[in-house]
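Everything below concerns the one structure shown next.
All chains are named by letter (A, B, ...) in the order of the sequence lines, taking the proteins before the strands, and each is independently numbered beginning at 1.
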Number of protein chains: 2
Amino acid sequence: MVDLGPYDVLLSVAELGSMGRAAERHGVTQAAVSARIRSLEGALGVTLLERSPRGTRLTPHGALVADWARVAVDAAEALDAGVTSIRSEQAARLRVAASLTVAEYLLPRWLVALRTEHPETSVSLSSRNSTDVAADVLAGAADLGFVEGPAVSDDLDAQVVARDRLTLVVAPGHAWASRRRGIDAERLRATPLVAREHGSGTRAFLEHAVGALARPALELASTTAIKGAVAAGVAPAVLSSLVVAGELAVGTLVAVPVVGVDLDRRLVAVWPRGRPLAGPAAELVGLATRRRE
Amino acid sequence: MVDLGPYDVLLSVAELGSMGRAAERHGVTQAAVSARIRSLEGALGVTLLERSPRGTRLTPHGALVADWARVAVDAAEALDAGVTSIRSEQAARLRVAASLTVAEYLLPRWLVALRTEHPETSVSLSSRNSTDVAADVLAGAADLGFVEGPAVSDDLDAQVVARDRLTLVVAPGHAWASRRRGIDAERLRATPLVAREHGSGTRAFLEHAVGALARPALELASTTAIKGAVAAGVAPAVLSSLVVAGELAVGTLVAVPVVGVDLDRRLVAVWPRGRPLAGPAAELVGLATRRRE
DNA sequence: TGGGGTCATAAGCTGCGCTTGTGCCCCTGA
DNA sequence: TCAGGGGCACAAGCGCAGCTTATGACCCCA
């Protein structure tokens, strides 16, 4: 497996314009940075940085590698932020409960942003289904919750932090893939889909919007597995736009319009009614909200 | 920086259902896998795998971590595949020249797929602008090229491998963000944008489609920098849908419809006319094409 | 002409993660 | 009922990657 360390320092060097300053940011010596970059260049047989006595800039090769590296490093940081938040022994300043879609796709990046803006804030995350999240917040087991759909309880204050849209996706070769005029609710109801197991918030929302569904063609435990099955041509599926954005852009999956049904959904932060948000909770909600408005 | 190694083996264990088989896949001993997973669990204070004498399955915590990890591991593999392809000393079986959008966003994943399907195929990649790509292929300096837009030369055969669409994006707080009826060509022409430097294929395509543009508000060298500037509210920008898919999904950027202008674009593979595609080149084009139809 | 900035190189040490070898547990099948 | 095989865990020992420290070379500017 690739060691992202050298790429991380490459990005710092590119951003800061000097190996010495990058070394400082990473808490190591300038010699260590120099050696890391050199060995990376050695492995590639290509120079990535143009050194000068006044500093350092990316070569064209370096710029391409840096662009690739940024994606990987960002993903690794999101993983790390997520993983840190489920570390159990910590005395967390902020306890968050989140439904799966939020926990899987949005929270890690929010946590990365929170970590850079407020490094002193430690977060503990538990991933539950939407009703459990509300229960945890009401019971005081969590300071802040994130759920899909309209807020569930009158005892909770809520604020919309993001939106998504349930999206009907098929494999590129599927008959529906080129269907411009879309699929209506009746047709959708009658079609066996690849679905998550019962109890999933997404599945409940879909049934609420279009009515009772046909028996699933296949039930799978993870979103990733569902995407795989759809791409392999097993059956269509309905998933959050957040989940399939990458695949749609690249063309691995194709979105099919669904007509006559409102599949827009709000992702909301919830907390006990009457108690104004303060401290780390307010910071996190603010940061999540700022990402969209 | 996070070490992705343990996460990579976690994914293998989850997929294969046993530490021993995961060890075999990674070419290490079962003891090494066991130790890696244990230390990962130790660092988290949470068990990720449910061991039994018949094998091993993910716990709920494990499933969440695995979903996060998959994103990071995939990104790292794409980085590695890309980086391997610019390694200079290799005797490549296939020399590819690609324009920036393709090289940056699509090729790494194609290379990952190619590596798993045909591990013996080594690829060398050079990233050029569209006219240079065509020239390289014609001159025999590259076996295969990838360019944006309609094929440039009559001496080249071409095949569409993907599509994208130039997308007008603004910061979520921008006045245009909530503008449902869109922006027309005239308005767009009159607005200073954040743009890449002259010579970029995307910029040329845009000028061809809407006409001469206003002087840019800011010229930047990398797509990433442009996205950052747009999100910071400097000015709107027009970028490939491939480039902004992630940001649009998460809400960091907002797409504004452009009316009366066709911004759809084809990304095509090109090779010398008359010489039918064969061997590794055919495999790569086929694989790239299969991802969308 | 010296001082502050840049990066490179060399020598030495430390610690992480591997392998090998073993033990224990459970299921299965003769 | 017991042997065998497949599952995972633990302990001891080793090798190497990457760090630090120390120094040198180079360039620019005051």
Going by side-chain contact (heavy atoms from CB on, under 4.5 Å), name the residues that satisfy it together with Glu219(B), two or more places apart in sequence or in a different chain. Glu197(B), Arg203(B), Pro216(B)

Using a 4.5 Å cut-off on heavy atoms from C-beta on, say whether the side chain of Arg115(B) contacts that of Asp80(B). yes

Contact residues, residues 30-39 of chain A to DNA chain C [heavy atom, < 4.0 Å]: Gln30(A), Ala31(A), Ser34(A), Arg38(A)

Taking five pairs at each terminus, the helix from dT1(C)-dA30(D) to dA30(C)-dT1(D) shows an axis bend, to 10°, of 10°

Under 4.0 Å, heavy atom to any atom of DNA chain C: which of residues 4-24 of chain A qualify? Ser18(A), Met19(A), Gly20(A)

Give a yes or no answer on whether the side chain of Lys227(B) reaches the backbone of Val243(B) with a donor-acceptor pair at less than 3.5 Å. yes

Any residue meeting salt bridge (charged side-chain N to carboxylate O under 4.0 Å, His left out) with Glu24(B), in chain and number order, not counting sequence neighbours: none

Students should find that the nucleotides of DNA chain D closing off the region near chain A, any atom under 4.0 angstrom from a heavy atom, are dG18(D) to dC28(D)

Could Glu283(A) and Arg93(A) be called an ion pair, given the rule that one side-chain N must be under 4.0 Å from one carboxylate O? no

Might you confirm whether atom CZ of Arg109(A) has over 12 heavy atoms from other residues, nucleotides or ligands at distances under 6.0 Å? no

By ring pair (Phe, Tyr, Trp, His ring centres under 6.0 Å), which residues pair with Trp110(B), not counting sequence neighbours? Phe146(B)

With no hydrogens and no angle check, is any side-chain donor or acceptor of Arg215(B) less than 3.5 Å from a backbone partner on Pro192(B)? no

Residue set satisfying side chain to side chain donor-acceptor pair (under 3.5 Å) with Asp67(A), at least two apart, ordered chain then number -> Thr224(B)

Sequence neighbours left out, what pairs pass side-chain hydrogen bond (donor to acceptor under 3.5 Å, both in side chains) with at least one residue falling in residues 40-62 of chain B? Glu41(B)-Arg51(B)

Which is it for Val2(B) and Leu4(A) under the side-chain contact (heavy atoms from CB on, under 4.5 Å) test, yes or no, and what are the steps along the way? CA-CA 8 Å; Val2(B) 215; Leu4(A) 292 184; over 6 Å; no

As a quick check of understanding, evaluate side-chain contact (heavy atoms from CB on, under 4.5 Å) for Asp3(A) and Asp3(B), giving each step before the final call. CA-CA 7 Å; Asp3(A) 177 13; Asp3(B) 177 13; 5.8 Å; no

Interatomic spacing from CD in Glu15(A) to CG in Leu58(A) - rounded to 0.5 Å: 11.0 Å

Nucleic acid contacts - residues 48-61 of chain A versus DNA chain D, non-hydrogen atoms under 4.0 Å: Pro53(A), Arg54(A)

Contact boundaries on DNA chain C for chain A, cut-off under 4.0 Å to non-hydrogen atoms: dT6(C) to dT9(C)

Among residues at least two apart in sequence or on other chains, which ones pass side chain to side chain donor-acceptor pair (under 3.5 Å) with Thr116(A)? none

Within-4.5 Å side-chain heavy-atom neighbours: Ser126(A) and Asp136(A): yes

Does any part of the side chain of Leu239(B), heavy atoms only, come nearer than 4.5 Å to the side chain of Thr202(B), both counted from C-beta? no

